[in-house]
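Naming: A, B, ... by sequence-line order, numbering from 1 per chain.
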There are 2 protein chains.
Amino acid sequence: MKVNKELLKGSTVIMILTLLDRKEMYGYEMIKEIECQSEGVFSLKEGTLYPILHMLEAERWVEASWSEHEGRKRKYYTITDAGRGQLKEKKQEWNLFRGALERVIGEGHA
Amino acid sequence: MKVNKELLKGSTVIMILTLLDRKEMYGYEMIKEIECQSEGVFSLKEGTLYPILHMLEAERWVEASWSEHEGRKRKYYTITDAGRGQLKEKKQEWNLFRGALERVIGEGHA
DNA sequence: TTATAATACCTAGTAAATCTATGTATAGAT
DNA sequence: ATCTATACATAGATTTACTAGGTATTATAA
């Protein structure tokens, strides 16, 4: 499929980039935030999130820096300009996907 | 993730079951129909569709029967009651997923 | 005081979904 | 005669996310 292949990856990446577009965050915090904001629907696993964060860093869509908070080491991520561009693209992709699926399954008039 | 894992499979299955809930169809026809109704966004490959149809049949969500039309053999699929139940469930799942994602990425107020 | 839960990061291996590529076969158009 | 469209099918590769495991610190409860 044209969009969906991107979407499975996209639906996670789009959430991460959206959070980082609001403020810098660390991985563990993102998991809790996504769980909270989605009202428990998404419970991202660490084994899912961390590899994605490393990929985002390799793509230069985010930047990471270590800092210490109350004896704990945290890796804070910030979004880059390229990341903001990607976010915009992925949001358009999501709208395209959602619109197309709903045309097929007939939401809005069913 | 709780929903997404189901959704990648689900987004295709939900479309197939929706089509079959309207009328009986054969595989090749479904590909063209989905492509048309989604305005070209989804172009399901045969290598994707046929294994799914066989799975749906094994799950007893659809039933298949061969018939001939102008010298061509077609395998027509019809939805079962169990299939209609699944369709209802998958539509609820889609709404849950869409709602949760949009709460996180802030559509509706962004 | 010791065990457990919560915080905070990481990776290897596995499972699941879809795609690519390929095969068979017929009908119609060029 | 060859190419395109129709119509089915499967094997293997790729991609994505999960499971399961590992390290380490702090706070809480038994």
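The phosphate of dT18(C) (OP1 or OP2) has a side-chain N or O of T12(B) nearer than 4.0 angstrom.
Partners of E24(B) under the salt bridge (charged side-chain N to carboxylate O under 4.0 Å, His left out) rule, at least two apart in sequence or in another chain, do not exist in this structure. For S67(B), the side chain to side chain contact (heavy atoms under 4.5 Å, CB included) partners are Y76(B), not counting sequence neighbours. Applying the side-chain hydrogen bond (donor to acceptor under 3.5 Å, both in side chains) rule to E39(A) yields the partners R103(B); only residues at least two apart in sequence or on another chain are considered. Residues meeting the side chain to side chain contact (heavy atoms under 4.5 Å, CB included) test with E63(A), sequence neighbours left out: T78(A), T80(A).
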Report all interatomic pairs (protein N or O, nucleotide N or O of nucleotides 1-5 of chain C) with separations under 3.5 Å.
none

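Rounded to an integer number of Å, the gap from M25(A) CE to dC9(C) C1' is 16 Å. Taking atom CD of E57(A) as the reference point, atom P of dC9(C) lies 12 Å away to the nearest angstrom.
Sorted by first and then second residue, the pairs that involve residues 66-84 of chain A and meet salt bridge (charged side-chain N to carboxylate O under 4.0 Å, His left out), not counting sequence neighbours, are D21(A)-R84(A), D81(A)-R84(A).
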Anything under 3.5 Å between a donor and an acceptor, one on a side chain of residues 27-36 of chain A, the other on a protein residue two or more places apart or in another chain? List them.
from	atom 1	to	atom 2	distance (Å)
E29(A)	OE1	Y26(A)	N	3.2
E29(A)	OE2	K23(A)	NZ	3.3
E33(A)	OE2	Q37(A)	NE2	2.7

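Between V62(B) and L53(B), the shortest heavy-atom distance links the atoms CG2-O, 4.2 Å.
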Using a cut-off of 4.0 Å between protein heavy atoms and nucleotide atoms, how would you tag nucleotides 2-12 of chain D 5' to 3' with B, S and -?
---SBBBBB--

